[in-house]
Structure formats: structure tokens, C-alpha cells
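Basis for what follows: all heavy atoms, side chains included, without hydrogens, waters or symmetry-related copies. Residues: numbered from 1 along the sequence shown. Note that the coordinates shown come from a computational prediction; the quantities given were computed from them, not determined experimentally.
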Amino acid sequence: MGSHCIELRSAKLDNVLSYIGATSLTANQVRVLDTMKDRASAYQDALDHQDVFWDLSIPDALDHLVRGRADSPGEYAGCAYHAALQIIIASSGSDPVQVGYFRNPISYFFELDKELQRCGVPQELCSFGFLFAGPPAEIPFRIPGSLEGYPEVGHLALSRTKAVADAYRSVIDKIDQDFVDDLTTLVEKLEFEHETWLSGQGRGPSWYVADTLFFSTD
């Protein structure tokens with residue numbers, strides 16, 4: 001089993017949602033959607049090369065989401081839908097920032113959260129709740145989960161990043177040493193994104209300024 005990469009990027013939640021169940025798109029959004037379709041085809045080509053099929057092609061999954069549905073009955077269709085959602089987020093947000101590579105990210109962050117809570121970090125600030133949060137609740141239909149935990153989507157409001165980073169930084173000298181390097185990296189990423197978000201307040205139109213951190217696990 002290989003390692004899985006977790007990346008983050010900032011985006012405006014409404015911009016992401018505007019492509020899901022889209023009833024009308026601006027000319028610029030149509031151009032962006034064309035880029036998404038190209039990315040979906042490239043993703044599917046990579047899967048085909050590995051003889052992997054998720055019961056639904058990535059281009060079809062993208063088309064379903066844009067049309068406002070995620071009702072394919074395939075057992076692994078949730079993987080395709082999450083991959084397509086990652087493409088929508090990637091096309092709506094900033095360049096990706098790497099959080100790290102993990103052999104079994106779900107197990108790793110489950111254990112990290114146990115350590116964080118042992119050191120006094122409240123459960124609502126623990127990493128699992130945002131790294132593997134799933135699609136935003138504002139999506140008006142259910143997107144089935146990925147059976148093996150990846151591809152996966154998570155999200156965290158940028159307004160909450162400082163509270164999370166501060167809580168983690170306060171316990172870095174207390175947690176098991178096995179987690180220190182990865183936790184330090186995550187804290188630094190969250191602090192940087194928070195500072196960037198603060199500096200962007202009041203600059204540019206409100207539709208442009210990112211308000212959400214999105215996480216993707218591949």
C-alpha cells in the first residue's frame with residue numbers, strides 16, 4: 001500500500017458551490033468548467049492506466065455534480081464523486097499546499113487526535129473533524145463516501161484556523177514524539193493561511209476573498 005498525499009487550498013465556499021447543481025453559469029465559469037472537464041479526463045486516463053475503475057468515470061461524476069445529483073448506484077461511485085469534487089475545489093481555489101504523505105492517513109490522524117485530546121485539546125478542534133469532514137453541508141444532496149477513505153475531501157472555515165493552530169501549538173511539547181514533526185507542519189500551514197486570510201480582509205470584492213480551507217486526500 002502506497003502513501004496518500006494530503007493537500008490544502010483556500011477557496012470561497014460560494015464559488016465552489018456555484019458549480020454544483022448549477023442552473024446558470026457565467027461565461028468565465030463555463031471556461032473554468034471546460035478546464036475541469038479536461039482535468040477529469042486526465043484523472044480518468046491515469047486510473048485507466050492503473051486498471052482502476054470506480055463504477056463511474058470521473059468525467060461522468062463531474063457531470064452529475066454539476067447537474068445536481070450524486071445518485072450512481074455503483075459500490076465505488078463515491079470515490080469518483082469525491083475525485084470530481086476535488087477537481088471543482090481545485091479549479092475554484094488557490095494553488096495546493098502539501099500537508100504531508102501518510103501510509104494510512106485515517107488511522108494516523110485518529111491516533112493523533114487521541115493524543116491531542118489526552119493533552120487537553122477539545123474534540124471540536126481535533127484534526128479528524130476537518131481533514132476528513134466530507135463534502136460541505138451546504139451541498140443540497142448527499143454525496144456517497146469513499147469506501148476506502150480516499151479520495152476524500154475535508155474543510156475548515158478560515159475564521160477557525162487560529163483557534164485550531166493555537167490549541168495544537170500549546171501541546172506540541174507534550175504529545176508523543178512520533179507526532180511532533182507532522183503536527184508542527186500542520187500548525188505552520190494553518191497559521192500561514194490564517195495570516196493570509198486576515199491580510200485579505202477588506203481587499204477586493206467579497207466574492208473573491210477565500211473563506212474556507214479545503215483538504216484533499218488522494
Just list the side-chain donor-acceptor pairs under 3.5 Å for residues 126-145, sequence neighbours left out, or say none.
residue	atom	partner	partner atom	Å
Ser127	OG	Asp113	OD1	2.6

Could you grab the distance from atom [atom1] of [X] to atom [atom2] of [Y], nearest 0.5 Å is fine?
{"X": "Leu65", "Y": "Ile88", "atom1": "CG", "atom2": "CD1", "answer": "5.0 Å"}
{"X": "Leu213", "Y": "Ser94", "atom1": "CG", "atom2": "OG", "answer": "8.0 Å"}
{"X": "Leu158", "Y": "Thr212", "atom1": "CG", "atom2": "OG1", "answer": "6.5 Å"}
{"X": "Leu183", "Y": "Gln177", "atom1": "CG", "atom2": "CD", "answer": "11.0 Å"}
{"X": "Gln86", "Y": "Ile89", "atom1": "CD", "atom2": "CD1", "answer": "7.0 Å"}
{"X": "Lys37", "Y": "Asp63", "atom1": "NZ", "atom2": "CG", "answer": "7.0 Å"}

Closest non-hydrogen atom pair between [X] and [Y], with its separation:
{"X": "Gln29", "Y": "Leu25", "result": "OE1-CA, 3.4 Å"}
{"X": "Asp178", "Y": "Tyr108", "result": "O-OH, 3.8 Å"}
{"X": "Gln44", "Y": "Ile58", "result": "OE1-N, 2.9 Å"}
{"X": "Ser92", "Y": "Val16", "result": "CB-CG2, 3.9 Å"}
{"X": "Ala210", "Y": "Ser10", "result": "CB-CB, 3.8 Å"}
{"X": "Ser146", "Y": "Tyr150", "result": "CB-O, 3.6 Å"}

Are the side chain of [X] and the backbone of [Y] linked by a donor-acceptor contact shorter than 3.5 Å?
{"X": "Asp211", "Y": "Leu13", "value": "yes"}
{"X": "Asp218", "Y": "Cys5", "value": "no"}
{"X": "His82", "Y": "Gly78", "value": "yes"}
{"X": "Tyr81", "Y": "His64", "value": "no"}
{"X": "Glu115", "Y": "Asp176", "value": "yes"}
{"X": "Thr217", "Y": "Glu152", "value": "no"}

Indicate yes or no: at least one non-hydrogen side-chain atom of [X] is less than 4.5 angstrom from one of [Y].
{"X": "Tyr19", "Y": "Val32", "result": "yes"}
{"X": "Ser159", "Y": "Trp197", "result": "yes"}
{"X": "Val99", "Y": "Thr185", "result": "no"}
{"X": "Leu125", "Y": "Leu116", "result": "no"}

Let me check something: do [X] and [Y] share a hydrophobic cluster, defined by ILVMFWY side-chain heavy atoms less than 4.5 Å apart, either directly or through other members?
{"X": "Ile20", "Y": "Phe215", "result": "no"}
{"X": "Val97", "Y": "Ile87", "result": "no"}
{"X": "Val171", "Y": "Leu186", "result": "yes"}
{"X": "Val153", "Y": "Phe110", "result": "no"}
{"X": "Val164", "Y": "Val180", "result": "yes"}

Counting heavy atoms not belonging to Arg67, are there more than 12 under 6.0 Å from its CZ?
no
So for atom CZ, which belongs to Phe53, do other residues, nucleotides or ligands contribute more than 12 heavy atoms lying within a distance under 6.0 Å?
yes
Mind running side chain to side chain contact (heavy atoms under 4.5 Å, CB included) on Phe214 and His155 for me, showing each step along the way?
CA-CA 4 Å; Phe214 288 96; His155 52 90; 3.9 Å; yes
Checking side chain to side chain contact (heavy atoms under 4.5 Å, CB included) for the pair Asp14/Leu17: CA distance, chi angles, key distance, verdict?
CA-CA 5 Å; Asp14 284 350; Leu17 296 175; 4.2 Å; yes
Pairing residues for Tyr168 by the ring-ring contact (aromatic ring centres under 6.0 Å, His included) criterion, not counting sequence neighbours
none
Which pairs with one or both residues in residues 186-195 pass salt bridge (Lys or Arg N to Asp or Glu O under 4.0 Å), sequence neighbours excluded?
Arg169-Glu191
